[in-house]
Amino acid sequence: MPELPEVETVRRGLEPYVRGRRIARVTVRDARLRWPVPASLAHDAADRRIERIARRGKYLIVTLDSGDRMIWHLGMTGRLLVLDPAQPLVKHDHVDFLLDGDTLIRFHDPRRFGAVLWWSRDENVHPLLAGMGPEPFDPAFDGDYLFRKSRGRSVAVKNFVMDGHIVVGAGNIYAAESLFRAGIRPTRRAGRLTRADCARLADRIREVLAEAIERGGTTLRDFAGADGASGYFQQELSVYGRDGEPCRVCGTLIKGLVLGGRASCYCPRCQR
DNA sequence: CTGTTAACCTGAGTGC
DNA sequence: TGCACTCAGGTTAACA
């Protein structure tokens, strides 16, 4: 479910509720997530104060006053909701963070592709975050960067853009949408992009992600912000999930195909 | 190194 | 109503 805009929406929703708050109790009901929730996490996080919550790619990083951090990831179906502590449990409510006794942050994840991990202050870099590409809004991410990185690469540009080693945060939806706006077919080999293509693509990736954040993300099925509200960017989608429907720009039927094992859509006329 | 595929897991939707 | 089947927003392990 969540790509960068959805994770950022959750981060912004959580921030006012968690910043400066003390963790009274952590309850792990099911530790079997993408990686097991460390057995010591509940004890180690208890009584710590949350200094801030940041985002790196699709990971949320919760810094504690001890200097240790937690890494939260939503996988495909994860939710992090701010709730009243009396909120009844439902299926797939795997981890609770009770703050100062009156605010509950609840991690809910049917498919369990998400993660709740510990990042010790003794570890400078966490293995999951090492080797990640730049943030799309980092000045280091621009057309020149994309051009350099794509030289000699035969992979389809859509898979290239979704590769977290190249740039973080663009998943299946926003990769498709960025390529539409840039007028580039998802099947084009990355190494065949011109300098101008790369400049346009970098700009459109940033643009699409920024607009989606403004709309509170894209809700297709599962996604909800920390307050449980849906996003609205799905109304703005030009190609994702529109296989067989007319292009909003030229009327040509949107084409679907599978790239790197993922469903992809593009307009055969607008994208070359 | 690059590139491709399957795998992890559950639920929703479709067609018979 | 039930069953078999497909697909889903992410990521990585295993392979050629």
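In what follows, chains are A, B, ... by sequence order, proteins preceding strands, each numbered from 1.
When heavy atoms are screened at a 4.0 angstrom cut-off, Gly171(A) is found touching the sugar-phosphate backbone but no base atom. Nucleic acid contact for Arg262(A): base, since at least one base atom lies under 4.0 Å from a heavy atom of the residue.
Per the geometry, CG belonging to Leu60(A) stands 14 Å off C1' belonging to dG10(C), to the nearest Å. Here the C1' atom of nucleotide dA6(B) and the CG atom of Asn159(A) are 15 Å apart, to the nearest Å. Atom-to-atom, CG of Asp109(A) to P of dC8(B) comes out at 17 Å; the value is rounded to the nearest Å. Rounded to an integer number of Å, the gap from Leu74(A) CG to dG9(C) C1' is 11 Å. Between Arg34(A) atom CZ and dC8(B) atom P there is a gap of 11 Å when expressed in whole angstrom units. Rounded to an integer number of Å, the gap from CG of Leu129(A) to C1' of dT12(C) is 15 Å. The distance from atom NE2 of His165(A) to atom C1' of dA13(C) is 13 Å, rounded to the nearest whole Å. Across the protein-nucleic acid pair, Leu33(A) atom CG and dG10(C) atom C1' stand 14 Å apart, rounded to whole Å.
By the 5.5 Å and 30° criteria, Phe113(A) is not stacked with the base of dT11(C).
Under the 4.5 Å side-chain heavy-atom criterion for ILVMFWY residues, no single connected hydrophobic cluster contains both Val116(A) and Leu98(A).
The P atoms of dA12(B) and dT11(C) are separated by 23 Å, rounded to the nearest whole Å. With both ends at atom P, the span from dA6(B) to dT6(C) equals 13 Å, rounded to whole Å. Rounded to whole Å, the separation between the P atoms of dC7(C) and dT5(B) comes to 15 Å.
Partner assigned to dC9(B) is none, using Watson-Crick or G-U wobble distances below 3.5 angstrom. Remark: dG9(C) base-pairs with no nucleotide; criterion is Watson-Crick or G-U wobble with both hydrogen-bond distances under 3.5 Å.
For Leu128(A), the listed nucleotide lying nearest its side chain is dT12(C); candidates were dT2(B), dT12(C), dG9(C).
The residue among Tyr240(A) and Trp35(A) whose nearest nucleotide of DNA chain C is located toward the 5' end is Tyr240(A).
A salt bridge does not link Asp203(A) with Arg181(A): every distance from a Lys NZ or Arg NE/NH1/NH2 to an Asp or Glu carboxylate oxygen is 4.0 Å or more.
Contact annotation: His73(A) side-chain N/O to dG10(C) OP1/OP2 distance is not under 4.0 Å. OP1 or OP2 of dG3(B) has at least one side-chain nitrogen or oxygen of Ser154(A) nearer than 4.0 Å.
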Between the protein and nucleotides 10-14 of chain B, which nitrogen or oxygen pairs are less than 3.5 angstrom apart?
residue, atom, partner, partner atom, Å
dT10(B), OP1, Arg112(A), NH2, 2.7
dT10(B), O3', His92(A), NE2, 3.2
dG11(B), OP1, Lys91(A), NZ, 3.1
dG11(B), OP1, His92(A), NE2, 2.7

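Classification of the His92(A)-His108(A) ring pair by plane angle, with boundaries at 30° and 60°, yields perpendicular.
From His126(A), atom NE2 reaches atom CG of Leu117(A) across 5.5 Å, with rounding to the nearest 0.5 Å. Going from atom OG of Ser40(A) over to atom CH2 of Trp118(A) covers 7.5 Å, rounded to the nearest 0.5 Å.
Within the cation-pi definition used here (under 6.0 Å to the ring centroid, within 45° of the axis), Arg195(A) qualifies as a partner of Phe147(A).
At a cut-off of 3.5 Å, with distance as the only test, a side-chain donor of Thr218(A) or Tyr174(A) sits close to an acceptor on the other residue.
With Val239(A) as the fixed residue, the side-chain contact (heavy atoms from CB on, under 4.5 Å) test singles out one of Ile254(A), Leu179(A), Ile173(A): Ile254(A).
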